[in-house]
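Everything below concerns the one structure shown next.
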Amino acid sequence: MDKQRRKFLKIAGATALAGISAPAVVKLTSTPALASSGHGKAAEHGAAEHKPEGHGGEDSAKGVRLGMLIDMRKLYGHPELLEKVAAACIKVHNIPQIEGNKNEIKWIWDMAYKNVFPEHSSYHSSKITEENNFLVLCNHCDEPPCVRVCPTKATFRDEKTGIVSMDFHRCIGCRFCMMGCPYGARSFNWMDPRPYIKEYNPDFPTRMRGVVEKCNFCGERRALGQEPACVEAVKDVGAIVFGDLNDPDSEIRQILDKEHTIQRKPSLGTKPSVFYIV
Amino acid sequence: MYNKGTIIPGLIIFVLFVTFPLWFNAFSTAASTVPKPELPPGGEKACIAPAAEMRANHMVMLNEWRDDVLRDGDRVAVTVDGKQYRKGLQMACMQCHSNKEKFCDSCHEYASVKPYCWDCHLTQSALATKKETH
Ligand code: SF4
Ligand code: SF4
Ligand code: SF4
């Protein structure tokens, strides 16, 4: 074999080996400070992961986390109140009324118990849970899968309030968030929604074709010091309470501390901020 | 110079030809096509910034407002000369400039820009097609 060729192959082999192993060498010899902080983080993470998830398994609170409590006891036997709630939201948010499962746009609506609480349903459930529908809306999850999958950050968690917001301007309509949301809280505009809007609220925009939408916890109303429209709609029976889940003095916390409440699909670990008394 | 008789008139014709658009504009009596956006029908005289600045930068300001309101949760109204403007195209700008067709469109069409604001934001004419709720 040609001597020169042999030498070339040797050098090439050694260089390739050095190149491949370089990252490992860098990692092994990195400064001890960096390495230990990495370890600390990993340990913390591990601890958090081993806690039971879902209701009762959440870490202690930091900052504001807006949430909602729906006291279904005050709505049983009153389907007209459920409709009133939905109508209030439809009116203030210019939500189109389109027929059909695929096309319909929903921010707040009602469903049967077994669909709302599949993890809580049971054989021979009470008459009241059998006969009544339950209000559902976006849970403004503390660990929102919709935010994780959104490629444009059109859906994001507002750190100041803990709510899961949407910036319709940014939404590209990829519908990843609809796949991610385990509650079906998001709707896609398959067509121009305007012809399906009954009356316009001039203070709020509509959406366009190709955009996803969902409940925004009435951000625009809270800015004016008003309560969410759905809360206001059933104010006289006090069926919905809205407030800061992390403030021990808030009305919602007082009730949460006193009453037994449930969340939707707690085992998924999305940590919903909407609670129910059923 | 050789061929003076042809070159000089030729040059003059060439220069005249090249500068023709300027001459034509200077002497033409045809109406100017520069847009004249309609001033607010309600008679408001002041905007949140001088007209020249608004003309140049309104789109930047709208983007900033959008990010303030939606992404930073800052919906605090802007106060200029004692008047409050809520951050928003529908809630501030179009309260005075209520006629999108005669105001916004006049320049946008001239400049051939097609902003998609009104795919979602409502104009007075869109509102008029349906009963208002407030
Ligand atoms: S309910 Fe769905 S849309 Fe709402 S925050 Fe949770 S995952 Fe996102
Ligand atoms: S449809 Fe819009 S909000 Fe949903 S994931 Fe895609 S870009 Fe994000
Ligand atoms: S909080 Fe506001 S946006 Fe959400 S369901 Fe209630 S009324 Fe609709």
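Sequence lines set the chain letters: A, B, ... in the order given, protein chains first and strands last, and positions in each chain run from 1.
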Side chain, backbone, both or neither: which part of A126(B) has a heavy atom under 4.5 Å from chain A? both
Distance in Å, L122(B) CG paired with N94(A) CG, rounded so as to fall on 0.5 Å steps: 6.0 Å
Would R170(A) and R71(B) satisfy side-chain contact (heavy atoms from CB on, under 4.5 Å), going step by step from the backbone distance to the final call? CA-CA 11 Å; R170(A) 267 173 108 127; R71(B) 302 206 80 84; 3.2 Å; yes
Can you tell me if K130(B) uses its side chain to pair, donor with acceptor, with the backbone of K198(A) under 3.5 Å? no
Just wondering, more than 12 heavy atoms not from R175(A) lying within 6.0 Å of its CZ? yes
Between A223(A) and R75(B), what is the shortest heavy-atom contact and its length? CB-CD, 3.3 Å
Count the heavy atoms of every other residue, nucleotide or ligand shown that sit under 6.0 Å from CD of E99(A), and state whether that count exceeds 12. no
Sort I197(A) into side chain, backbone, both or neither according to what part of it lies under 4.5 angstrom from a heavy atom of chain B. both
Above 12 or not: heavy atoms from other molecules or residues under 6.0 Å from CE of M179(A)? no
Grab the two heavy atoms, one from Q90(B) and one from F204(A), that are nearest each other, plus how far apart they are. NE2-O, 3.3 Å
I'd like to know whether CD of Q226(A) has more than 12 heavy-atom contacts from other residues, nucleotides or ligands below 6.0 angstrom. yes
For K102(B), is the NZ atom crowded, meaning more than 12 foreign heavy atoms sit under 6.0 Å from it? no
Measuring only between side-chain heavy atoms, which start at C-beta, is L70(B) closer than 4.5 Å to F168(A)? no
Taking 4.0 angstrom as the limit, do D203(A) and R86(B) come out as a salt bridge? yes
Which of the residues R207(A), K160(A), R194(A), H169(A) is involved in the greatest number of heavy-atom pairs with chain B at under 4.5 angstrom? R194(A)
Hey, what do you get for CG (D167(A)) to CG (D67(B)), rounding to the nearest 0.5 Å? 7.0 Å
Quick one: what part of E220(A) sits under 4.5 Å from any heavy atom of chain B, side chain, backbone, both or neither? both
